[in-house]
Student: 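My questions all concern the structure below.
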Amino acid sequence: QVQLVESGGGLVQPGGSLRLSCTASGSILGIPTMAWYRQAPGNEREYVADILFGGLPNYADSVRGRFTVSRDNSKNTVYLQMNSLKPEDTAVYYCNAQIVTPGSSLRDYWGKGTLVTVSL
């Protein structure tokens with residue numbers, strides 16, 4: 001069974017930085033895409049960033065230039081370095097991955113989320 005586990009959330013002041021991590025575990029043949037989404041209180045879940053197996057990143061306009069997504073394929077891990085954080089970045093951040101498992105086609109998996117709070 002595949003699991004995604006996030007870590008690194010917490011409380012940070014405006015202008016500060018945090019680094020999130022997400023590791024996929026289980027019987028995994030490949031992970032073409034790993035991504036981050038977030039959901040603020042009262043809002044829909046929204047896309048933040050993603051990165052392909054080969055390392056090509058993509059970003060939402062709201063975080064481009066402040067956030068950096070990266071991955072370590074040897075560890076099945078994706079990272080999100082968040083700099084110049086703003087109060088509006090406050091949300092639960094979710095890891096998402098498209099994963100191929102033995103005997104199965106490509107499927108979407110989600111982590112349980114990690115809370116990021118940007119406040120004085």
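Sequence positions, counted from 1, serve as the residue numbers for this chain.
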Student: Of all the heavy-atom pairs spanning A49 and L80, show the shortest one and how long it is.
Tutor: CB-CD1, 4.4 Å

Student: At what distance, to the nearest 0.5 angstrom, does NZ of K112 lie from SG of C22?
Tutor: 13.0 Å

Student: If the threshold is 4.0 Å, N to carboxylate O, is there a salt bridge linking R64 and D61?
Tutor: yes

Student: Taking all atoms of both residues into account, what is the closest heavy-atom pair of S27 and V2, and its distance?
Tutor: O-CG2, 4.1 Å

Student: Are Y79 and Y37 connected in a single hydrophobic cluster, I mean Ile/Leu/Val/Met/Phe/Trp/Tyr linked by side-chain heavy atoms less than 4.5 Å apart?
Tutor: no

Student: With heavy-atom distances below 4.5 Å as the criterion, would you say the side chains of N96 and D108 are in contact?
Tutor: yes

Student: Could you tell me the separation between the CD1 atom of I51 and the CG atom of L56, rounded to the nearest 0.5 Å?
Tutor: 8.0 Å

Student: Spell out, yes or no, whether I31 and V48 are grouped together once hydrophobic residues are joined by side-chain heavy atoms under 4.5 Å, including indirect joins.
Tutor: yes

Student: Ignoring hydrogens, what is the shortest heavy-atom contact between D50 and A35? Give both atom names and the distance.
Tutor: CB-CB, 3.6 Å

Student: Side-chain contact, heavy-atom cut-off 4.5 Å: D89 with V116?
Tutor: no

Student: Would S119 and T90 satisfy side-chain contact (heavy atoms from CB on, under 4.5 Å), going step by step from the backbone distance to the final call?
Tutor: CA-CA 8 Å; S119 180; T90 295; 5.9 Å; no

Student: Might you point out which heavy atoms bring L18 and G8 nearest each other, and give the distance in Å?
Tutor: CD2-O, 3.8 Å

Student: Is the CD atom of Q81 crowded by more than 12 outside heavy atoms at less than 6.0 Å?
Tutor: yes

Student: Are E46 and R38 ion-paired here, with the side-chain N under 4.0 Å from a carboxylate O?
Tutor: yes

Student: To the nearest 0.5 Å, tell me how far I28 CD1 sits from I99 CD1.
Tutor: 4.5 Å

Student: Is the shortest side-chain heavy-atom distance between W36 and E6 below 4.5 Å?
Tutor: yes

Student: If only side-chain N and O atoms count, and only distance matters, is there a donor-acceptor pair under 3.5 Å linking T23 with N76?
Tutor: no

Student: When you compare the side chain of Y109 with that of T101, does any pair of heavy atoms fall below 4.5 Å?
Tutor: yes

Student: If Ile, Leu, Val, Met, Phe, Trp and Tyr residues are connected whenever their side-chain heavy atoms lie under 4.5 Å apart, and connections chain through other members, are V63 and V12 in the same group?
Tutor: yes

Student: Classify the angle between the aromatic ring planes of F67 and Y93 as parallel (below 30°), tilted (30 to 60°) or perpendicular (above 60°).
Tutor: tilted

Student: Tell me, yes or no, whether the heavy-atom count around E44 atom CD, taken from other residues, nucleotides or ligands under 6.0 Å, exceeds 12.
Tutor: no

Student: Looking at every heavy atom in both A91 and A40, which two are closest together, and how far apart are they?
Tutor: CB-N, 3.8 Å

Student: Side chains of N58 and Y47, heavy atoms from C-beta outward: is any pair under 4.5 Å?
Tutor: yes

Student: Can you give me the closest heavy-atom contact between V69 and P57, atom names plus distance?
Tutor: CG1-CB, 3.6 Å

